[in-house]
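All figures in this text were calculated on a predicted structure; none of them were measured in a lab. To find a chain, count down the sequence lines: A is the first, B the second, and so on, and within it residues start at 1.
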Number of protein chains: 2
Amino acid sequence: MRGPTLKDLAEKLGLSITTVSRALGGYSDVAEATRQRVLQAAEEMGYVPDVTARRLQKGRTDTIGFVIPTFGPRFSDPYFSELLAGIGNEAARQNFDLLVSTRAPDTPEEKQAYRRMVEGRLVDGLLVVRTRVKDPRITYLSNLGFPFVSFGRSDLAVDFTYLDVDGALGMEWVAQHLIALGHERVAYISAPQDLMFCIHRSKGLQATLQRNGLSLRSGHLVVCDLTEGGGFKAMNQLLDLNPRPSAVVACNDLMAMGAMSAAQRRGLAVGHDVAITGFDDIPLAQHAHPPLTTVRQPIYDIGRRICRMLIRMIRGEELPERHVLLEPELVVRESSGIG
Amino acid sequence: MRGPTLKDLAEKLGLSITTVSRALGGYSDVAEATRQRVLQAAEEMGYVPDVTARRLQKGRTDTIGFVIPTFGPRFSDPYFSELLAGIGNEAARQNFDLLVSTRAPDTPEEKQAYRRMVEGRLVDGLLVVRTRVKDPRITYLSNLGFPFVSFGRSDLAVDFTYLDVDGALGMEWVAQHLIALGHERVAYISAPQDLMFCIHRSKGLQATLQRNGLSLRSGHLVVCDLTEGGGFKAMNQLLDLNPRPSAVVACNDLMAMGAMSAAQRRGLAVGHDVAITGFDDIPLAQHAHPPLTTVRQPIYDIGRRICRMLIRMIRGEELPERHVLLEPELVVRESSGIG
DNA sequence: ATTATATCCCAAAACGTTTCGGATGTCAAA
DNA sequence: TTTGACATCCGAAACGTTTTGGGATATAAT
């Protein structure tokens, strides 16, 4: 059941382990004829090097780690599957393996997953996503000098390599769009405020409103989790207000979909009686009814890019930019107003 | 930067590597006092065993592999993130690591990913999902006798361990539901017919229609990929027909959402002018507009379960059932008819 | 004939564990 | 005093690679 080893090959060929190894490694100090013999025997016997042994010897794993922050038992987020596809494809392209762990954020289990990957030397570098205020993961990794790239900034004093999307700018566009449509009672469905991306988006929204003489009235900011269910509940709260908001900005698309659902269940026409916007532009946004106005960030590409940055870092290459801030793109569809 | 090894600990304590190792391993042939000394020193120096070295010695990896079949660059599927969460959480609970690869199905790259994991001895077992007709992955793994559990059956002669949801039964219920509502012109948006789950669903649908004197008319079966975009295009084709179908059954929820979108873009009221159903019951189905009639399968639990089965298998334990077939559940919402 | 230079090959160490088979010392029973 | 039993510890081998630092042989230059 277990495959042949270098030793088996060497014995069969009457060569030393060293020579077989070097032949396969393409070293120039083995005769071309021998090399061919080795190659052929390896092929015949179905030799595949034992990755574990190689890792132990080389002192590196050629593996990158990714701890996915999952919430609750039903973690169903199209956003993450797309990010994962980007990361996975890029890793494969560069001959890296990908070790994945799914853990609830800010728990001992999450901490343990990071420690295991880092201190157990399971991976050469880590990808950190959904950065949080005073993110302990970043402190931990920075202190150790362990290679990592984060998708999202932080409010810590330490300097680290990250890629982020300018959420404040995205929300500025959303706000301007809504203001241009004449909305004055704008409400905001926010994710928990310890998430950095949420903080940036909130700031962008509120700053732009204020610059235009508006603001979130009391009760017009409601916090919920990042799911359709959360958005649904939050929207119901908002619609109980009197007067109710004329426009509702959600922190991501999933929440926006939930919000639309809540409005529609009350008989309101989204895009008419109330404007709703999201953030992310997941593929479903385009096929929602009505199609969702949102802010696009290239999730798949982001996955590839942070993965590429990390691998460069691991290889010890100099990164062209250690801090990347992407401009998102406003995508206007019908949920924010028809006509 | 690299952490301390057993050797470092042993030197510091004036003990042998063996004793330190056995002390940490909780063996009874080391004095309690020594054990405490070792434990404390390990704690102080922040000793964490090198997982790679341990793997090489033990001859197993305590890792399970999972190759996610991804389509195209934008692979955004809530279904998979939920499945992954189930798998990941169960694996972690049992102290297994999870190695993930993302590859397009039926490509040389996919084959290579499997070979690497198996023959490179990177994992102790594999999870196979989205089984296909004459699935080469199953043939490959069966021939080698490599431990794996599949989510989905196959049409191969070989016997292997699987868990599946009875798609035929699910579709039977969908069909009966639509027939009870009086529909006679039922159309079907199918996924590529080399996917086993699709075959089962198709059969269930067609058999039930036939048993009731109905059938899919020509042009009423259209095949597309498993995305919203696919469903959207397929639905447009169906709506160009004259007479157009009065009910459209989609092979999964994502496609159903696309189909709804297409119908609505033509001014049709879903659930009124045309009935639409899905399959999976992703969380978004509930918050679609109108909410989507669909068939529920417990994706998260399935993830946990196949993972648990695989780990049992790896541990050499006897499985209570090698073939599990779950009954899905019809969830009637408004997209199939209002009133 | 001697020395230099390639060319081809290999033994042994190393990576950090776990485990097998003793080795040593102590103490009680014979 | 010897024997056995027990408690505690350790040296060395093993897992399968890669790499280091030569060694042997043949050919070419002096």
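Inspection of the B:Thr19 and B:Ser16 side chains reveals an N or O donor paired with an N or O acceptor under 3.5 Å. In the model, A:Thr102 has a side-chain atom that pairs as donor or acceptor with a side-chain atom of B:Asn89 under 3.5 Å.
Going from atom CG of B:Leu56 over to atom C1' of D:dA13 covers 13 Å, rounded to whole Å. With rounding to whole Å, B:Arg35 atom CZ is found 12 Å from D:dC9 atom P. Look at CZ on B:Arg55: it is 16 Å from C1' on D:dT17, rounded to the nearest Å. A straight line from CD of B:Gln57 to P of C:dT18 spans 7 Å, rounded to a whole angstrom. For B:Glu32 and D:dT8, the CD to P distance is 9 Å, given to the nearest whole Å. Between the CD atom of B:Gln36 and the P atom of D:dT8 there is a distance of 13 Å, given to the nearest Å. Here the C1' atom of nucleotide C:dA14 and the CZ atom of A:Arg60 are 16 Å apart, to the nearest Å. Protein atom CZ of B:Arg37 is 14 Å distant from nucleotide atom P of D:dT8, rounded to whole Å.
Shown here for A:Ser101 and A:Met117, the closest heavy-atom pair between the two residues is CB-CE, 3.8 Å.
With distances taken from any side-chain atom of B:Thr18 to the nucleotides C:dC9, D:dA12, C:dA12, the minimum falls on D:dA12. Side-chain proximity of A:Thr19 to D:dG16, C:dC10, C:dT19: nearest is C:dC10. Of the candidates D:dT17, C:dG16, C:dC8, D:dT17 carries the atom nearest the A:Leu6 side chain, counting heavy atoms from C-beta on.
Within the 4.0 angstrom heavy-atom criterion, only backbone atoms of the sugar-phosphate kind lie near A:Leu15; the bases stay farther away. Within 4.0 Å (heavy atoms only), A:Thr5 reaches sugar-phosphate atoms of the nucleic acid but no base atom. Across all strands, A:Arg22 comes closer than 4.0 Å to base atoms (heavy-atom distances). Residue-level contact check: A:Thr34 touches the backbone only, with heavy atoms under 4.0 Å from sugar-phosphate atoms and none from bases.
Applying the salt bridge (Lys or Arg N to Asp or Glu O under 4.0 Å) rule to A:Arg315 yields no partners; only residues at least two apart in sequence or on another chain are considered.
Within a 6.0 Å radius of CD in B:Glu32, more than 12 heavy atoms belonging to other residues, nucleotides or ligands are found.
In this structure, B:Arg121 and B:Ile17 both approach DNA chain D, and ranking their closest nucleotides by distance from the 5' end singles out B:Ile17. Comparing B:Lys58 and B:Asp29 by the nucleotide of DNA chain C whose heavy atom lies nearest to each, the residue mapping closer to the 5' end is B:Lys58.
For the OP1/OP2 pair of D:dC9 and a distance below 4.0 Å, the side-chain nitrogens and oxygens of B:Tyr27 include no atom meeting the criterion. One finds no side-chain N or O of B:Ser16 lying less than 4.0 angstrom from the OP1 or OP2 phosphate oxygen of D:dC9.
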